[in-house]
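For reference, the structure is listed below as structure tokens.
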There are 2 protein chains.
Amino acid sequence: MDSEVARGRALDAAERLFYGRGVQAVGMDDVRGDSGVSLKRLYQLFPAKEQLVVAYLERRDARWRARLAEHVDRYEEPGTRILAVYDWLGQWFAEPDFRGCAWINAYGELGATSAPVADRVRAHKGAFREFLDGLAAGAGLPAAVGGQLFLLAEGAMVTAGVTGGTEPARAAREAARVLLGAAGADTPAADAVGVSPPSATR
Amino acid sequence: MDSEVARGRALDAAERLFYGRGVQAVGMDDVRGDSGVSLKRLYQLFPAKEQLVVAYLERRDARWRARLAEHVDRYEEPGTRILAVYDWLGQWFAEPDFRGCAWINAYGELGATSAPVADRVRAHKGAFREFLDGLAAGAGLPAAVGGQLFLLAEGAMVTAGVTGGTEPARAAREAARVLLGAAGADTPAADAVGVSPPSATR
DNA sequence: AGAAGTGGAGAACGGACGTTCTCTGTGCTT
DNA sequence: AAGCACAGAGAACGTCCGTTCTCCACTTCT
């Protein structure tokens with residue numbers, strides 16, 4: 001098996017298992033069994049479990065943010081783009097294997113004992129925060145509003161993770177809409193906002 | 001040593017250690033060392049570690065909510081009472097040993113593997129949510145606003161836990177103020193709100 | 001064909017930790 | 001004073017798990 005393929009399979013299995021059961025509840029042998037990559041190869045690719053965890057968080061971070069950006073980029077109007085974030089969160093929450101935010105969970109598990117993991121979590125949250133700041137700036141809003149939108153999103157993730165429902169996304173969206181309106185965003189009033197992509201007319 | 005005293009000391013040590021380092025990073029022997037309660041006694045009081053964890057979460061929940069309620073009850077005006085929640089969160093975040101929300105952390109660590117722990121987390125978050133719903137109702141606001149206030153608070157806890165700062169509380173407070181204003185709460189406009197307790201004129 | 005390197009399966013090692021057990025001392029009861 | 005219940009200290013046990021090692025089949029190059 002090619003090294004790249006092995007790496008991909010190992011990370012696929014690690015992501016499935018770590019995210020689904022928690023990092024500490026999954027042994028390297030579980031990863032081996034689920035990926036078909038032998039222990040020897042696993043340790044060649046990732047010399048310690050912690051590095052596999054970090055690689056899992058990094059790869060998931062890249063994909064998560066790419067998917068979010070892709071969804072948001074289906075819209076052009078700045079206010080709509082902001083609200084689209086919460087629509088996308090709602091879709092995420094509805095996925096059958098959704099188990100909360102991988103980074104918040106990892107931080108709860110390892111933040112106090114593993115500096116590399118804690119760093120990855122901070123990096124991910126920082127990048128998401130900057131993404132929202134960018135959206136806010138695009139709507140002519142101050143960065144403070146970006147921070148508020150961030151808090152709403154984080155709260156929705158945590159709440160959806162713990163309660164298992166999807167409606168925190170709707171509540172966060174509604175709150176965001178109010179905040180945008182009060183901040184005088186360059187945006188329509190917008191109950192109709194976000195019901196369908198403007199260009200996704202396929 | 002009296003049984004009640006031993007229980008209290010065990011829970012004190014468990015709380016300090018579990019909250020500070022994470023549950024899985026702390027062994028029963030650490031609890032023994034920190035509490036001075038022998039292993040035999042520990043297992044008489046809590047037949048398994050999981051029960052010690054549950055007891056820790058329950059006791060902390062009672063104290064956390066009592067302190068929050070106590071702070072909020074220093075105010076009478078409904079809008080002020082709501083904003084006081086975020087002031088209190090800011091005080092909490094500023095405590096030197098603050099390491100995020102104990103329940104969110106515990107859920108990330110054990111939510112997938114321990115149903116009793118997951119139940120305790122849901123119970124705590126449910127109670128906090130109801131507390132905010134009550135405050136919202138007191139201000140003549142619909143329960144939906146309570147949900148939004150809840151998301152802001154949760155987001156602030158997570159963000160403060162990960163980044164280690166206290167300013168998420170201020171950001172959440174500001175967002176809450178905007179939401180209250182937009183929802184037409186029976187409340188003053190309120191930059192001056194919450195700077196000092198109305199009756200704490202000592 | 002033979003040699004040498006590669007990779008996989010899985011045993012083995014070492015430490016950590018949840019839980020139980022043993023031993024010893026102590027204070028209380030009769 | 002003798003016996004007894006209990007408590008503490010800490011050893012012991014069993015399991016789990018991260019990591020390494022052994023052994024063997026297979027490929028590849030000369």
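This structure is a prediction, so every number in the text was calculated from the model and none was measured. To find a chain, count down the sequence lines: A is the first, B the second, and so on, and within it residues start at 1.
The line from CD1 of B/Ile82 to CZ of B/Arg177 is 13.0 Å long, rounded to the nearest 0.5 Å. In this structure, the separation between OH on A/Tyr56 and CZ on A/Arg120 is 14.0 Å, given to the nearest 0.5 Å. Rounded to the nearest 0.5 Å, atoms CG (A/Leu179) and CG (B/Leu179) are 5.0 Å apart.
In this structure, the CG atom of B/Leu42 is 11 Å from the P atom of D/dA9, given to the nearest Å. Computed from coordinates, the A/Gln44 CD to C/dG5 P distance equals 16 Å when rounded to whole Å. Taking atom CZ of B/Arg32 as the reference point, atom C1' of D/dA7 lies 14 Å away to the nearest angstrom.
The aromatic rings of A/Phe150 and A/Phe128 are tilted relative to each other, their planes meeting at an angle between 30° and 60°.
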Mind listing the N/O atom pairs, protein and nucleotides 25-28 of chain D, below 3.5 Å?
none

Produce the list of close N/O pairs, under 3.5 Å, pairing protein atoms with atoms of nucleotides 15-24 of chain D; give distances to one decimal.
| from | atom 1 | to | atom 2 | distance (Å) |
| --- | --- | --- | --- | --- |
| D/dG18 | OP1 | A/Lys49 | NZ | 2.6 |
| D/dG18 | OP2 | A/Met28 | N | 2.6 |
| D/dT19 | OP2 | A/Tyr43 | OH | 3.0 |
| D/dT19 | OP2 | A/Lys49 | N | 2.9 |

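Between the side chain of B/Glu95 and the main chain of B/Phe98, no donor-acceptor pair closer than 3.5 Å is present. No donor-acceptor pair under 3.5 Å is formed between the side chain of B/Glu50 and the backbone N or O of B/Pro116.
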For this session: Walk me through it: do B/Tyr43 and B/Met28 pass the test side chain to side chain contact (heavy atoms under 4.5 Å, CB included)?
Result: CA-CA 9 Å; B/Tyr43 277 91; B/Met28 293 296 277; 3.3 Å; yes
For this session: Please test B/Arg60 against B/Leu11 for side chain to side chain contact (heavy atoms under 4.5 Å, CB included), starting from the C-alpha separation and ending with a verdict.
Result: CA-CA 10 Å; B/Arg60 189 177 171 102; B/Leu11 283 173; over 6 Å; no
